[in-house]
Each structure stands twice: as C-alpha cells, then as structure tokens.
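I have placed the structure first, in the form of structure tokens, so that the comments after it can refer back to it.
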Amino acid sequence: MAMRQTPLTCSGHTRPVVDLAFSPITPYGYFLISACKDGKPMLRQGDTGDWIGTFLGHKGAVWGATINNDATKAATAAADFTAKVWDAVTGDELLSLAHKHIVKSVDFTEDSNNLLTGGQDKVLRIYDLNKPEAEPWEISGHTSAIKKALWYNNNTQILSASDDRTVRLWDRVSMTEVKTLQFGVSVSSMEYIPEGEALLITYGRTIALYDSSSLELIKSFEAPASINSASLHPDKECIVAGGDDFKLYKYDFTTGEELESYKGHFGPIHCVRFSPDGELYASGSEDGTLRLWQTAVGKTYGLWKCVLPEELVSENSDVLYNTSPEIKA
C-alpha cells in the first residue's frame, strides 16, 4: 500500500498567492514568506507553516517577496508602485522605495546592503539600503515588463526574465548586457541555485535546466500542462513543478521521469519552492492557500508524525504509514 501525500494547508490569505520564498537555515530554524494579491505578505515558520506575522502597509497587490540570509529583513514588490523593506523580527516597515510603475521582483545581495528590483517599467534598479535617499542605479534594455530579477555569480552579475521572451545576464559594474537567452514564449519562472551551479527556467510546458556558469542548456522536460513555476531539490534529487492544471509534478533529476503527480490545489499553481533542507516544498495558488508537501512521504518532520496502525503493530510489521488527516496550519 502506497503512502498518501498529506499536505499542510496554510490559510490566511484572501486572494491568489503569487510568490513565495524560503530563508536559509538560521539558528531559529528557517522561514517562509508569501506574496499575495490581497496586499498582505505573510511570514511563517518554514517547517510547520505556522503563522508568525503579516506585513501591513502596501496599498495594492504584492507580486514578489523575499527574505535576507539571516532572516532579519524582508522585502516586497507591489502594485502600489513601491518596493518595501521590513524588519522581519518586529514586522516594522523600514523603507518604502518609490517606483514609476508596478514592481514585480525584489532580491537582496548576500550582505543585505543592496536591493535589486524589477517590474512593469522594464528597468532594473539597484538600491543602496544604507543610503536610501540616494538615487538607485538603473539598467535598461528589456522591451517588456520584468517578471523576475536575481543577483547572480556572487552578486557581481544580475539575471532578469521579461515578458519580451528573454532572460538577460548583466554586469553589475558596467551595467551592460553580457548574454541573452531567447525563448519562443514568455518565461514564467526562474530559480537560481548557486550551490548547485544551476539555473532552472520554465516557459510554456517546458522545464529547462541551465549551467549557471555558461548559461548552456543541460536538459529539459516537457510537462502535460503549462507550468508557472518549478524548483530544484537542494541535493539535485528531483524537480517539482506546478501550473495551470492545478497539479504538482515531481520529476527525477537525472532521467526526467515523472515520479508522481497529484492535484495540489483548487486553482492554478503560481509558485513552488523547496525548503533549504530539501525536506519539504511549498506551493502557492490562485485558491488563496499555501500548502507544504513532504519530499519523502511518511517521514516524521515538522507537523508530520509517522504513525504505525495497530493492526500492523500486532503483526510486527516494519511498514510505516502516514495516516494523519490534512492538517491546517
């Protein structure tokens, strides 16, 4: 008998969840931030989904969210033409950075001294968070809205994905374009895994893995439906993806074989991410919920408790079953 995947459902948002990010592992565990069209990004304990707090201050949909390395600061990108920096411990707003259009993406440097933003006005901006009153550095070149912008190669470069069907690599110092990847359709998501020297890009039904040094294609998989987001396991064991058919897919990293698929939500899935320890992955959906899923079903971890049914105990069986019902976090 196969063990059934039992997700933890994290309620609280009232509109579609469009972005999420985990912090690295800290002395206090790791954390999960979610961006939602309700304008109220939320911080949760990463391994349990337990709500910690809500960042209040945006006046429009929040499209992007991230946490810095030690989980002391958070940043959000919103439709109110601002990016905001928050104290992730107290929930206080530290900075509000005005833009000329909707902001879609935010990313801290490793040292948290700079914030990279991108959005509808097609311009990348770099803010010095120690001098917030100073004008940001600006990089232009995209011909349509920027969906995602990430620091790259130890913060010496920037990678951006746009509705102009390109992913572009930029030099931070000269602020010039280094390389461009062209696609037949708009890129739906992009994940950079520095430790694994990998870049994961999704577009249409395709999940594509690139070498982060050369930006050469390593391999690609085709999913049964349009994919909105994908994430690579920290140990490169597997890739998870979600999209328009409400399903989550898991693929073997080496062979590309579909390992499992199941209906994950009651609406299209907008974002998926593995936790920093690889024990779980989170998904956010049009249905307004976040769900946490076990990478290895049946393992005791977080709020999941692996129990042994009485009839199996009496038979001295070694088979373990995850018999807990769906848990609300």
Who else is in I269's hydrophobic cluster (ILVMFWY, side-chain heavy atoms under 4.5 Å, direct or via others)?
V240, L248, Y262, V272, F274, Y281, W293
Any K299 side-chain heavy atom under 4.5 Å of Q294 side chain:
yes
Distance alone, cut at 3.5 Å: any donor-acceptor contact between the side chains of S231 and E191?
yes
Under the ring pair (Phe, Tyr, Trp, His ring centres under 6.0 Å) definition, can you give me all pairs with a residue in residues 112-163, not counting sequence neighbours?
H99-Y127, H142-W170, Y152-Y192
Is there a side-chain contact between I126 and P136, using heavy atoms and a 4.5 Å cut-off?
no
Can you give me the closest heavy-atom contact between D107 and A149, atom names plus distance?
CB-O, 3.6 Å
Minimum heavy-atom separation for A88 to A71, with atom names?
CB-O, 3.5 Å
Can you tell me if E222 and T206 form a side-chain donor-acceptor pair at under 3.5 Å?
yes
Hydrophobic cluster membership, I218 vs I239, 4.5 Å side-chain cutoff
yes
Are D128 and N114 linked by a side-chain donor-acceptor pair shorter than 3.5 Å?
no
Are any of the side-chain heavy atoms of L95 and L129 separated by less than 4.5 Å?
yes
When you compare the side chain of S186 with that of K147, does any pair of heavy atoms fall below 4.5 Å?
yes
Can you tell me which residue among D47, T48, D277 is in a side chain to side chain donor-acceptor pair (under 3.5 Å) with Y301?
D277
Just jot down the ring pair (Phe, Tyr, Trp, His ring centres under 6.0 Å) partners of F246, sequence neighbours excluded, or say none.
none
Tell me, please, which residues at least two apart from E133 pass side-chain contact (heavy atoms from CB on, under 4.5 Å).
K131
Taking 4.0 angstrom as the limit, do D50 and R44 come out as a salt bridge?
no
Are the side chains of I33 and M42 in touch, meaning some heavy atoms are under 4.5 Å apart?
no
Residue pair R125 / L115, side-chain heavy-atom distance below 4.5 Å
no
Just by distance, no angles: are the side chains of R172 and N153 close enough, under 3.5 Å, to form a donor-acceptor pair?
no
Taking G118's backbone N and O only, do any of them form a donor-acceptor pair with S105's side chain (distance below 3.5 Å, no angle check)?
no
Under the ring pair (Phe, Tyr, Trp, His ring centres under 6.0 Å) test, which residues partner F253, sequence neighbours left out?
none
Among the clusters formed by ILVMFWY side chains lying less than 4.5 Å apart, do L169 and I193 turn up in the same one?
no
ILVMFWY cluster, V62 and V17 together (side-chain gap under 4.5 Å)
no
I'd like to check T76 versus H58 (side-chain heavy atoms, cut-off strictly below 4.5 Å). Are they in contact?
yes
Assess whether a salt bridge exists between D80 and K84, defined as any Lys/Arg side-chain N lying under 4.0 Å from an Asp/Glu carboxylate O.
no
Residue from R273, K148, K104 passing salt bridge (Lys or Arg N to Asp or Glu O under 4.0 Å) with D19:
K148
Within 6.0 Å of CG in N154, more than 12 heavy atoms from elsewhere:
no
Inspect the surroundings of NZ in K40 and state if more than 12 heavy atoms from other residues, nucleotides or ligands are less than 6.0 Å away.
no
Kindly check if the number of other-residue, nucleotide or ligand heavy atoms within 6.0 Å of CD (E258) is above 12?
yes
Tell me whether E135 at atom CD has more than 12 heavy atoms from other residues, nucleotides or ligands lying less than 6.0 Å away.
no
Indicate yes or no for a side-chain donor-acceptor contact from D235 to the backbone of E237 under 3.5 Å, with no hydrogens or angles considered.
no
Counting only heavy atoms from other residues, nucleotides and ligands, does the tally under 6.0 Å from NZ of K100 exceed 12?
no
Is it true that the side chains of N68 and S112 contain a donor and an acceptor less than 3.5 Å apart?
yes
When you check the side-chain N and O atoms of T202 and S188, is any donor under 3.5 Å from an acceptor?
yes
Should I207 and Y249 count as side-chain neighbours, where that means a heavy-atom distance under 4.5 Å?
no
Any chance the side chains of E286 and H265 put a donor and an acceptor closer than 3.5 Å?
no
With a 3.5 Å cut-off and no angle check, do the side chains of H270 and S285 form a donor-acceptor pair?
no
According to the interplanar angle, ranging from 0 to 90°, do the rings of W86 and F55 count as parallel (below 30°), tilted (30 to 60°) or perpendicular (above 60°)?
tilted
Rounded to the nearest 0.5 Å, how far apart are CG of L116 and OG of S160?
8.5 Å
Going by side-chain heavy atoms closer than 4.5 Å, which hydrophobic residues are tied to V173, directly or by a chain of links?
none
Identify whether the distance between the nearest side-chain nitrogen and carboxylate oxygen of K236 and E195 falls below 4.0 Å.
no
Determine whether the side chains of T6 and W304 contain a donor N or O and an acceptor N or O closer than 3.5 Å.
no
